Number of protein chains: 2
Amino acid sequence: MNEKRRAGGWLVKPTLLLHKARAVNNIETMQRKAERSGVHLRPHFKTHQSAEVGEWFRQAGVSAITVSSVDMAHYFAEAGWQDITVAFPVNLRQLAELDSLASRVRLNLLVESSESAARLDQGLKHKVAVWLKIDAGYQRTGLPWQAQDRINQVARIIESSPRLAFKGLLTHAGHTYNSRSPEAVTSIYQEVLVRLQTVQKGLGVQGIPATISIGDTPGCSLVDSFAGVDEIRPGNYVFYDMTQLQIGSCSETDIAVAVACPVVAKHASRGQLILYGGAVHLAKESIQLADGRTIFGGIAHLTDSGWSRLIDDCYLVSMSQEHGIVQATPELFEETEVGDLLLIIPIHSCLTVNLYSQYRLLDGQAVPIARML
Amino acid sequence: MNEKRRAGGWLVKPTLLLHKARAVNNIETMQRKAERSGVHLRPHFKTHQSAEVGEWFRQAGVSAITVSSVDMAHYFAEAGWQDITVAFPVNLRQLAELDSLASRVRLNLLVESSESAARLDQGLKHKVAVWLKIDAGYQRTGLPWQAQDRINQVARIIESSPRLAFKGLLTHAGHTYNSRSPEAVTSIYQEVLVRLQTVQKGLGVQGIPATISIGDTPGCSLVDSFAGVDEIRPGNYVFYDMTQLQIGSCSETDIAVAVACPVVAKHASRGQLILYGGAVHLAKESIQLADGRTIFGGIAHLTDSGWSRLIDDCYLVSMSQEHGIVQATPELFEETEVGDLLLIIPIHSCLTVNLYSQYRLLDGQAVPIARML
């Protein structure tokens, strides 16, 4: 049995590995960049969903966070976080839970209609801060940035409520994820910023001051300066993944999670290795390579210090519920035996992490992940 | 507030609903069909992953089960199941766990190479039954059905081991999932059966008796008689889903799970309703409609007795991590308010269920789901 296989003797089934040194480096790099720009960093914790990983952010100087659900806000409030934004259009069916949270922490919510603003005002006893969710081009949700009158109207409802404190304009420029070059990302970032500043000026004319919050990992990773922005909310950057690598938001050695998968079969006629590791271990996400191939993950070897560079021209090319199929080069096929381990570098780390109840650090130590559902 | 909204007052966030009467009916229908054919039904429990749902199978007469991992085998062994097949190519990194399981239950494993058979023989102290995993056309994994010599060779290794009892030939005809008509499914079923019977005869010539186990929900739902087959292992049929509906394996009123999602925003210019319900609540699976559109779920209304028929021409057309976007007809758009509930009928119920730690029955009662990772 060779060195690679011996190294992972404790890895007997699909296991989510977390490279702590890389994650901490990613956390610190973004923190320093935010400090240089004088922008407030409020990282999105939905990527890691772990109180223990949250502490690594706190040690780097983070004091305010973003989450995507009331349950996640509750979990991190229990872990001592006192300033939390639920970055999702406010769910009017959870007003009681939100009010309870608002009694304990500084709570920031998102509103995108007059109706939601009014229902929030009526339904809460405790004070909350409110952002207007603005659609600055992604076209998923939010008040369209061109709809200045509607924006002014909702802002005024918030301003006039004794329970709601108006924060400003918040957007998620998720369309940077369709970019496949740093230039395309920074171009979207600039366009989004100009649009938000236009809305900000429109509100200013009405005597309503507004700050600006943006938050996608490609933009926040690739832009040098955050001038004109008050707050950034990236999340994925703690781990990155194959998608971010393809966009150009990170380098290969920034990716901080991988799934260790046993090899269970070899198919010589197809040059394929069959892994114990499928949609329930990785989530069914794919990207398209420049040559048109669809892939479900990159492949690496376990090493004593983490994992190797991506193995050239070898990818997870198909997956079902528990099976992953690796299209291998002749070299990889030849050197791999049934019972060996291969590491899968995920396409979208947030969705992969969401499937697990724990990380394992490289020394085997378990780090719990909250289960929200 | 209208009737529909009042009915689901306890549903405040994305919630996995289980229609018990439908699930029990699906369980009993398959059981009766298996009994009529004189075939042994060993249902796959990876779809529901719940000891409590398992009891509904036991009440219908099921005594042996299929699972997809050692952890799942352990969970159901704890729940009292004594005859378990791990329907995945044996993972040689878990021989110790398998041996421990084999000391407690009647354990059945899958092998698809001489190497795995030999390693299994050497690595176990307790007796296990072994199936040869045969690739009868799906081309995912298994010994190719045409490779009679290799099949004979592996069967002989198993036969000659005092710890391994040779069961026969097992296949998963997963390519029925690419079918979009009952005729296409039954045609694949017949082809698969003929291929397995050819291999069975080839083994017979060598004096090696072999039984036959097949197991995909489309085939098992659509075939009238299982003549020539000894065991069937369908799993998805307990709940069915949009994929099975499109294939024709079930009718709309057989589908037994749905995810209740709050409406958080309306976008009149696009005719879209934004749901709190995305990839972390549904899993990212899609199917293509006959008109070429890609959809991520069907839409229904909550009713007092469960949920309505699928709403015509309304689908979940896009999803991100927590957002789902419904393309609504003018009628649905008009009648729906922010704060209402809509139900999503999942594309692939196994992957959706896998995201939750509990079902809720229609009366709100919680039914725990095991968490394997």
Side-chain angles (χ1 to χ4, degrees), chain A residues 8-9 11-14 16 46 68-71 88-94 96-97 112-113 115-116 119 133 135 139-142 144 174 262 264-267 269-270 274 276 279-281 283-285 318 320-323 325 337-339 341 348 350-351 354-358 371-373, chain B residues 8-9 11-14 16 46 68-71 88-94 96-97 112-113 115-116 119 133 135 139-142 144 174 262 264-267 269-270 274 276 279-281 283-285 318 320-323 325 337-339 341 348 350-351 354-358 371-373:
Chain A
L11 294 163
V12 300
K13 60 183 177 180
L16 178 62
K46 75 177 177 183
S68 55
S69 71
V70 173
D71 290 344
F88 193 82
V90 64
N91 174 14
L92 297 177
R93 300 179 81 90
Q94 290 187 298
E97 290 88 340
E112 63 161 273
S113 68
E115 190 193 357
S116 287
R119 296 264 303 267
K133 176 79 190 288
D135 181 351
Q139 302 213 324
R140 182 178 65 183
T141 186
V264 293
K266 295 177 68 172
H267 288 281
S269 62
R270 305 196 291 271
I274 312 300
Y276 176 19
V280 299
H281 310 104
K284 209 161 176 178
E285 279 275 25
S318 172
S320 45
Q321 207 160 333
E322 298 90 9
H323 297 74
I325 299 186
E337 290 174 24
V338 171
L341 272 187
H348 185 175
C350 305
L351 288 185
N354 182 63
L355 297 168
Y356 290 83
S357 56
Q358 61 175 21
R371 298 308 312 241
M372 298 299 166
L373 295 183
Chain B
L11 294 164
V12 301
K13 60 183 177 181
L16 178 62
K46 74 176 177 182
S68 55
S69 70
V70 173
D71 290 344
F88 194 82
V90 64
N91 174 15
L92 297 177
R93 301 178 80 90
Q94 289 187 298
E97 290 86 341
E112 64 161 273
S113 67
E115 191 193 357
S116 288
R119 297 266 302 268
K133 176 79 190 286
D135 181 351
Q139 302 212 326
R140 182 178 67 184
T141 186
V264 294
K266 295 178 69 173
H267 287 282
S269 62
R270 304 196 292 271
I274 312 300
Y276 176 19
V280 298
H281 310 103
K284 208 162 178 179
E285 278 276 24
S318 172
S320 46
Q321 206 161 334
E322 296 91 9
H323 297 74
I325 299 185
E337 291 175 23
V338 171
L341 272 188
H348 185 176
C350 306
L351 288 184
N354 182 62
L355 297 168
Y356 290 83
S357 56
Q358 61 175 20
R371 300 306 315 240
M372 299 300 164
L373 295 182

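In what follows, every chain begins at residue 1, and chains take the letters A, B, ... in the order their sequences are listed. Fair warning: this is a prediction, and the values are worked out from it, not measured in the lab.
- Contact annotation for A/Ser116: only side-chain heavy atoms (C-beta onward) come within less than 4.5 Å of a heavy atom of chain B.
- Ranked by heavy-atom pairs shorter than 4.5 Å toward chain A, the options B/Thr141, B/Leu355, B/Ile274, B/Val338 are led by B/Thr141.
- Ranking A/Pro144, A/Ser69, A/Pro262, A/Ala279 against chain B, the residue ahead of the rest is A/Pro262, based on heavy-atom pairs under 4.5 Å.
- The minimum heavy-atom distance linking A/Arg93 with B/Leu11 is given by the pair NE-O, 2.6 Å.
- For a residue to count as touching a neighbouring chain, one of its non-hydrogen atoms must lie under 4.5 Å from one of that chain's; by this rule B/Gln139 touches chain A with backbone and side chain alike.
- Side-chain contact between A/Val264 and B/Val90 is absent, with no heavy atoms from C-beta onward closer than 4.5 Å.
- Contact count versus chain B (heavy atoms, under 4.5 Å) is highest, among A/Gln358, A/His281, A/Lys266, A/Lys46, for A/Lys46.
- Annotation: maximal heavy-atom pairing with chain A below 4.5 Å, among B/Pro14, B/Gly142, B/Ser113, B/Gly174, occurs at B/Gly142.
- Legend: residues meeting ring pair (Phe, Tyr, Trp, His ring centres under 6.0 Å) with B/His323, ordered by chain and number and at least two apart, are A/Phe88.
- Contacts between A/Glu97 and chain B at a heavy-atom distance below 4.5 Å involve the side chain alone, from C-beta outward.
- B/Ser320 is listed as a side-chain neighbour of A/Arg140, based on a closest heavy-atom distance under 4.5 Å.
- No side-chain heavy atom of A/Leu373 sits under 4.5 Å from any side-chain heavy atom of B/Leu16.
- For A/Lys13, the side chain to side chain contact (heavy atoms under 4.5 Å, CB included) partners at least two apart in sequence or on another chain are A/Thr15, A/Tyr276, B/Asp71, B/Gln94.
- Counting heavy-atom pairs closer than 4.5 Å to chain B, the top residue among A/Gln321, A/Lys284, A/Glu115, A/Glu112 is A/Gln321.
- Heavy atoms of A/His348 lying under 4.5 Å from chain B belong exclusively to its side chain.
- Between A/Ser68 and B/Glu322 the shortest side-chain heavy-atom distance falls below 4.5 Å.
- Considering only heavy-atom pairs separated by less than 4.5 Å from chain B, the leading option among A/Ile325, A/Val280, A/Val70, A/Asp135 is A/Val280.
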